[in-house]
Amino acid sequence: MANTIEIKVPDIGGHDNVPVIEVLVKAGDTVTKEQSLITLESDKATMEVPSSAAGTVKELKVKLGDEVSEGTVILLLETEGAAAPAPAAPAAAPAPAPASAPAPKAEAKAPQAAGASGRSADITCQLVVLGSGPGGYSAAFRAADLGLDTVLVERYDTLGGVCLNVGCIPSKALLHAAAVIDEAEAMAAHGVTFGKPKLDIDKLRGFKTSVVGQLTKGLAGMAKQRKVRTVVGTGSFVSPHEMEVQTGEGTKLIRFEQAVIAAGSQSVKLPAFPWDDERVMDSTGALEMKDVPGKLLVVGGGIIGLEMATVYAELGSEVTVVEFMDQIIPGADADLVKPLAKRLGGKVKGIHLKTKVTTAKATKKGIEVGYEGESIPETTVFDRVLVAVGRSPNGNKIGADKAGVAVTERGFINVDTQLRTNVPHIFAIGDIVGQPMLAHKAVHEAHVAAEVAAGHKAHFDARVIPSVAFTNPEVAWVGVTEREAKEKGLKVGVGKFPWAASGRAIGIARTEGFTKLIFDEETHRIVGGAVVGVNAGDLISELALAIEMGAEAADIALTVHPHPTLGESVGMAAEVYEGTITDLYIPKKK
């Protein structure tokens with residue numbers, strides 16, 4: 001007997017009025033239990049809300065752009081038999097979730113693969129890798145080291161993909177320049193005064209380009225040393241064992257035995273903005289640094305948006321940041337981002353939370369925007385606008401269906417722990433297989449995929465994957481967050497060491513940070529940790545290793561850390577948890 005039930009938004013971490021950025025089903029669709037229905041606000045991660053039952057969609061109750069909260073009815077579902085159970089949790093939470101406990105995946109129906117083209121191949125190989133970002137080149141190089149005849153396909157003229165060419169590496173070069181400007185200004189308070197910085201934007205852009213060039217040239221050299229053949233062009237599958245590449249010299253057909261998909265992701269482009277106007281930028285456009293705008297609007301207070309806000313603010317732009325959620329970097333604990341919010345707040349014109357841009361129009365004066373929310377900025381016309389609200393995978397742009405590879409509506413490709421897709425001889429890694437979309441995750445997945453392709457028994461089983469915002473101060477975290485522990489009812493204890501008590505932090509006048517360790521109360525093993533402050537991205541590695549090794553609080557506290565360093569704050573945070581700290585006075589609990 002058919003029943004009509006309401007499918008509602010489950011607990012989404014206590015957030016209210018979260019925007020719907022994608023509707024993944026329509027009336028008449030048949031859905032399975034745990035199939036994703038809608039996608040909510042994305043930063044470096046997104047939240048897909050799954051169905052709590054199987055059935056047929058009778059009526060949608062939400063549309064693109066609507067705002068939802070816990071209990072909001074998403075749709076009416078016609079089911080067979082008993083009523084549906086309670087709503088499930090969102091299918092993906094803000095990164096980083098423990099890597100050993102992945103979120104439920106959206107369904108992806110396997111397509112019928114195309115037949116072989118029957119054409120003569122221009123290139124034959126044992127393994128082809130589509131995409132040469134950190135994941136792609138790592139897969140190709142590891143496979144070649146293991147004896148596989150490997151071809152690497154890349155759309156850019158140089159190897160390295162988005163990360164090296166227009167992402168991670170150039171942004172860090174510019175962030176270094178911004179940090180030097182900030183440090184020089186800060187030294188005036190300590191008796192060392194420098195003149196006002198003079199910006200030669202062409203030289204700065206040249207420095208960024210030289211950094212990228214050094215790395216990409218190195219990759220080209222290593223590919224040659226390993227006898228990895230590279231093909232420059234846009235690749236697309238034409239059958240399970242064939243790939244076409246559109247190159248500057250025409251179309252080339254590659255016939256392969258196995259393949260690794262490392263095609264990455266692209267910036268989400270919100271439809272409200274006039275993208276045909278060059279004054280509206282994604283992260284790639286922002287890194288081109290065509291000029292330093294007088295007034296810059298950054299839409300999105302996540303990692304990418306705040307890193308670029310940091311750069312442009314130090315270079316002289318009047319920067320306004322707008323974020324829909326109630327804090328910047330929504331995936332991190334609230335206490336972790338407070339020092340960043342305070343320091344960055346003194347550099348930019350304003351950080352406006354619980355606010356969104358509703359309209360954007362290109363005019364002669366600039367990009368004119370309209371807002372709605374709790375903190376409306378004064379400025380409405382900007383010289384440039386950076387939209388940094390997340391990234392979407394490229395799974396639907398590579399002809400995967402012709403190879404028989406299943407791809408979700410959002411463009412993700414589901415894989416097993418060996419990184420195999422539903423087609424056993426085709427692997428997928430990196431952004432395209434899901435959150436977190438981070439280069440270092442892709443590299444480790446790449447090694448596993450290459451090793452399995454070469455016949456080794458390997459699996460990707462990382463317990464945790466660290467995240468870092470290279471802002472000023474840096475913000476880094478790994479494993480279970482305090483927020484996540486609370487939401488899941490985990491019994492944890494926290495050891496937190498403030499850098500105001502660190503001799504090294506005091507010596508460099510950067511005491512706003514802290515180091516926080518999170519321990520399982522029953523085993524005293526570390527399950528999570530975070531650092532905010534100078535070089536937090538470097539310090540987080542020790543915490544990731546400690547979690548992977550199953551270290552207990554005493555193991556960390558008894559490890560001798562050099563003094564005076566910022567790194568010793570890790571040992572001291574463990575001492576705080578253990579109750580053995582002598583660098584702080586913490587009254588005993590009665």
Side-chain angles (χ1 to χ4, degrees), residues 9-22 38-47 49 62-72 90 93-94 268 270-273 280 295-310 312-313 317-361 366-382 385-390 469 471 475 481-483 486-487 532:
V9 176
D11 176 14
I12 50 177
H15 298 301
D16 292 323
N17 303 318
V18 181
V20 177
I21 63 170
E22 284 184 296
I38 60 174
T39 306
L40 305 184
E41 164 80 8
S42 70
D43 177 56
K44 268 237 169 176
T46 58
M47 290 185 287
V49 179
V62 297
K63 62 183 183 300
L64 188 68
D66 283 357
E67 296 174 359
V68 300
S69 304
E70 181 179 354
T72 300
V268 172
L270 297 178
F273 293 86
V280 177
K295 295 181 180 180
L296 172 68
L297 173 64
V298 176
V299 182
I303 291 176
I304 294 174
L306 295 182
E307 287 184 352
M308 296 316 300
T310 298
Y312 277 95
S317 292
E318 179 184 284
V319 180
T320 300
V321 179
V322 172
E323 166 58 44
F324 181 80
M325 302 298 281
D326 59 359
Q327 70 169 56
I328 55 174
I329 313 183
D333 280 332
D335 64 338
L336 192 63
V337 299
K338 282 181 180 178
L340 171 61
K342 183 177 180 180
R343 186 177 180 87
L344 185 59
K347 298 284 186 177
V348 302
K349 182 175 176 61
I351 299 175
H352 300 267
L353 304 176
K354 298 184 181 180
T355 303
K356 67 178 180 179
V357 176
T358 55
T359 60
K361 182 173 64 174
I367 304 298
E368 185 175 344
V369 301
Y371 312 95
E372 85 178 26
E374 295 187 11
S375 176
I376 304 299
E378 295 177 1
T379 309
T380 58
V381 180
F382 295 89
V385 174
L386 165 61
V387 181
V389 293
T471 45
V475 178
T481 64
E482 282 194 88
R483 176 187 294 174
K486 183 178 180 180
E487 291 171 354
V532 55

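Values below: all heavy atoms of this structure, side chains included; hydrogens, waters and symmetry mates excluded. In this chain, numbering begins with 1 at the start of the sequence shown. Nothing here was measured: the structure is a model prediction, and the numbers come from that model.
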Asker: Taking side chain as C-beta onward, heavy atoms only, is Glu318 less than 4.5 Å from Thr379?
Answerer: yes
Asker: Would you say Val319 and Leu296 make side-chain contact, with heavy atoms under 4.5 Å?
Answerer: yes
Asker: Looking at Lys347, I want to see if its NZ is surrounded by more than 12 non-hydrogen atoms of other residues, nucleotides or ligands under 6.0 Å.
Answerer: yes
Asker: Counting only N and O atoms by type, is there a donor-acceptor contact under 3.5 Å from the side chain of Thr72 to the main-chain atoms of Val9?
Answerer: no
Asker: Within this structure, what is the CD-NZ distance for the pair Glu67 and Lys356, rounded to the nearest 0.5 Å?
Answerer: 4.0 Å
Asker: Would you say the side chain of Lys349 lies within less than 4.5 Å of the side chain of Glu378, judging by non-hydrogen atoms?
Answerer: yes
Asker: What closest approach, in Å, do Leu306 and Gly301 show between heavy atoms, and which atom pair accounts for it?
Answerer: CD1-O, 3.5 Å
Asker: Please tell me if the side chains of Thr320 and His352 come closer than 4.5 Å, counting only heavy atoms from C-beta onward.
Answerer: yes
Asker: Identify the heavy atoms of Val18 and Phe324 that sit nearest to each other, and give their distance.
Answerer: CA-CE2, 3.7 Å
Asker: Of the non-hydrogen atoms in Asp326 and Lys354, which two are nearest, and what is the gap between them?
Answerer: CB-CE, 3.4 Å
Asker: What are the two closest heavy atoms between Ser375 and Leu353, and how far apart are they?
Answerer: CB-O, 3.7 Å
Asker: Tell me, do Leu297 and Val357 make a side-chain contact under 4.5 Å, heavy atoms counted?
Answerer: yes
Asker: Evaluate the criterion side chain to side chain contact (heavy atoms under 4.5 Å, CB included) for residue pair Leu340 and Ile329; output intermediate values, then yes/no.
Answerer: CA-CA 10 Å; Leu340 171 61; Ile329 313 183; 4.0 Å; yes
Asker: Do you know which two heavy atoms are closest between Thr471 and Glu307, and how far apart they sit?
Answerer: CG2-N, 3.9 Å
Asker: I need the Ile38 CD1 to Lys63 NZ distance, nearest 0.5 Å.
Answerer: 12.5 Å
Asker: Which atoms form the tightest heavy-atom contact between Leu64 and Val20, and what is the distance?
Answerer: CD1-O, 3.7 Å
Asker: So how far is it from Thr310 OG1 to Leu344 CG, rounded to the nearest 0.5 Å?
Answerer: 5.0 Å
Asker: With heavy-atom distances below 4.5 Å as the criterion, would you say the side chains of Val348 and Tyr312 are in contact?
Answerer: no
